Amino acid sequence: MPIATVEFDLSMVSPDTGEYLTARTYTVDGVNNVDGTPRQLSIGQLVMAICLQRAAALEASIVELMENMNSTSAKLEALTEIETEVLKWPDELKEAGSSARSLNNYNVSGDNAAYPGVTFKTALVGMGVIANDIRYVRVSGNPDSDDIMFDDFITQLEAKMDEMNSFSQQKMIELQSQTSKRDQAYDMISNVLKSLNTVEVGIVNNY
């Protein structure tokens, strides 16, 4: 935030030098009068402008972090749903006398915020759990080029879930830090204005 100063003479003169006393105001980009000219600010108003700009920037960062965390949570919910379903497949396939099941035949819940109603395969490819050419989870037998073995699938799925959980924890720490900094910016406004008021009252009392 570029800051410019405007210095002007006061009506009072110095008892020591006889010269007019001077005062100073400040202007900052983005703080203007109704006619578009830069608004002259006192030191207190300058502090407010700087701190509010800082707080606003942090607020935007906080919102972005929260959106990222919400997106990650939705993806984790989708992966948990997929894992819960796929873990049933070995027993179901054994009972049916089959060895593999298609990921294209099952869909994520329609109320999932990240992958509403899409096929398991689409969600898994989108999150980088499996390659695009994989279609089936195979429980037994030799895999074809479009198969992934059950144990390998579960390993890759849980590795992705661990990665996302770690990401969420890091973002939570970052969110707490950004929130603390935002609150400090607001606190600084109050503290500085109180200090300036104390100084001004002291000056008046000395006259």
Side-chain angles (χ1 to χ4, degrees), residues 1-8 10 21-84 108-118 123 126-129 157-207:
M1 178 186 287
I3 301 171
T5 60
V6 179
E7 195 166 291
F8 56 92
L10 298 175
L21 297 175
T22 60
R24 182 176 297 170
T25 59
Y26 307 87
T27 62
V28 295
D29 286 349
V31 181
N32 300 321
N33 295 310
V34 176
D35 61 2
T37 58
R39 176 174 295 183
Q40 295 185 22
L41 307 174
S42 67
I43 186 63
Q45 292 172 323
L46 176 64
V47 169
M48 287 183 64
I50 294 172
C51 290
L52 287 173
Q53 184 194 52
R54 172 66 171 162
L58 288 167
E59 194 72 50
S61 177
I62 288 169
V63 170
E64 183 179 354
L65 281 170
M66 292 179 69
E67 289 176 348
N68 288 338
M69 291 175 65
N70 288 337
S71 176
T72 301
S73 294
K75 291 176 181 178
L76 281 166
E77 288 175 5
L79 291 178
T80 300
E81 181 182 343
I82 292 170
E83 183 178 38
T84 300
V108 178
S109 297
D111 60 356
N112 183 268
Y115 293 96
V118 306
M127 288 183 273
V129 179
L157 183 66
E158 292 186 344
K160 177 58 68 173
M161 293 173 75
D162 289 342
E163 177 187 323
M164 288 186 175
N165 276 319
S166 177
F167 173 84
S168 292
Q169 291 170 1
Q170 292 173 359
K171 291 301 178 183
M172 178 59 74
I173 293 171
E174 189 175 347
L175 177 63
Q176 292 171 344
S177 174
Q178 297 281 34
T179 301
S180 176
K181 290 177 181 178
R182 179 202 61 190
D183 293 343
Q184 288 173 2
Y186 288 128
D187 289 341
M188 184 175 290
I189 295 174
S190 177
N191 293 336
V192 170
L193 291 181
K194 285 180 181 178
S195 296
L196 288 173
N197 182 65
T198 300
V199 171
E200 290 172 354
V201 169
I203 294 173
V204 171
N205 289 337
N206 286 334
Y207 280 94

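Computed from heavy atoms alone, side chains included, the values below leave out hydrogens, waters and symmetry copies. Residue indices begin at 1 and follow the sequence shown. Just so it is clear, the structure is predicted and the values come from calculations on it, not from any experiment.
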Listed partners of Glu163 passing salt bridge (Lys or Arg N to Asp or Glu O under 4.0 Å), at least two apart: Lys160
With rounding to the nearest 0.5 Å, note down the distance linking CG in Asn191 to CD in Gln184. 10.5 Å
Who passes side chain to side chain contact (heavy atoms under 4.5 Å, CB included) against Val118, sequence neighbours left out? Val108, Tyr115, Thr122, Ala123
Could you tell me which residues satisfy side chain to side chain donor-acceptor pair (under 3.5 Å) with Asn33, sequence neighbours excluded, listed by chain and number? Thr37, Arg39
How about Met48 and Leu193: do any of their side-chain heavy atoms sit closer than 4.5 Å? yes
Residues two or more places apart in sequence or in another chain: which of them pass salt bridge (Lys or Arg N to Asp or Glu O under 4.0 Å) with Glu59? Arg182
Can you give each donor-acceptor pair under 3.5 Å made by side-chain atoms of residues 67-82, sequence neighbours left out, with the distance rounded to 0.1 Å?
unit_1 : atom_1 : unit_2 : atom_2 : d
Asn68  : ND2    : Glu64  : O      : 3.4
Asn70  : ND2    : Met66  : O      : 3.2
Thr72  : OG1    : Asn68  : O      : 3.0
Ser73  : OG     : Met69  : O      : 3.0
Thr80  : OG1    : Leu76  : O      : 2.8
Glu81  : OE1    : Ser109 : N      : 3.3
Glu81  : OE1    : Ser109 : OG     : 3.1
Glu81  : OE2    : Ser109 : N      : 3.0
Glu81  : OE2    : Ser109 : OG     : 2.9

Results of side chain to side chain contact (heavy atoms under 4.5 Å, CB included) for Pro38 - residues two or more places apart only: Thr27, Asn32
Is the shortest heavy-atom distance from the side chain of Glu83 to the side chain of Met161 under 4.5 Å? yes
Between side-chain atoms of residues 166-181 and protein atoms elsewhere (two or more places apart, or another chain), which donor-acceptor pairs fall under 3.5 Å?
unit_1 : atom_1 : unit_2 : atom_2 : d
Ser168 : OG     : Met164 : O      : 3.2
Gln178 : NE2    : Ser61  : OG     : 3.1
Thr179 : OG1    : Leu175 : O      : 2.8

Inter-residue atom distance Asn165.CG - Glu158.CD, 0.5 Å rounding: 11.0 Å
Residues that Thr84 engages under side chain to side chain donor-acceptor pair (under 3.5 Å), provided they are two or more places apart: none
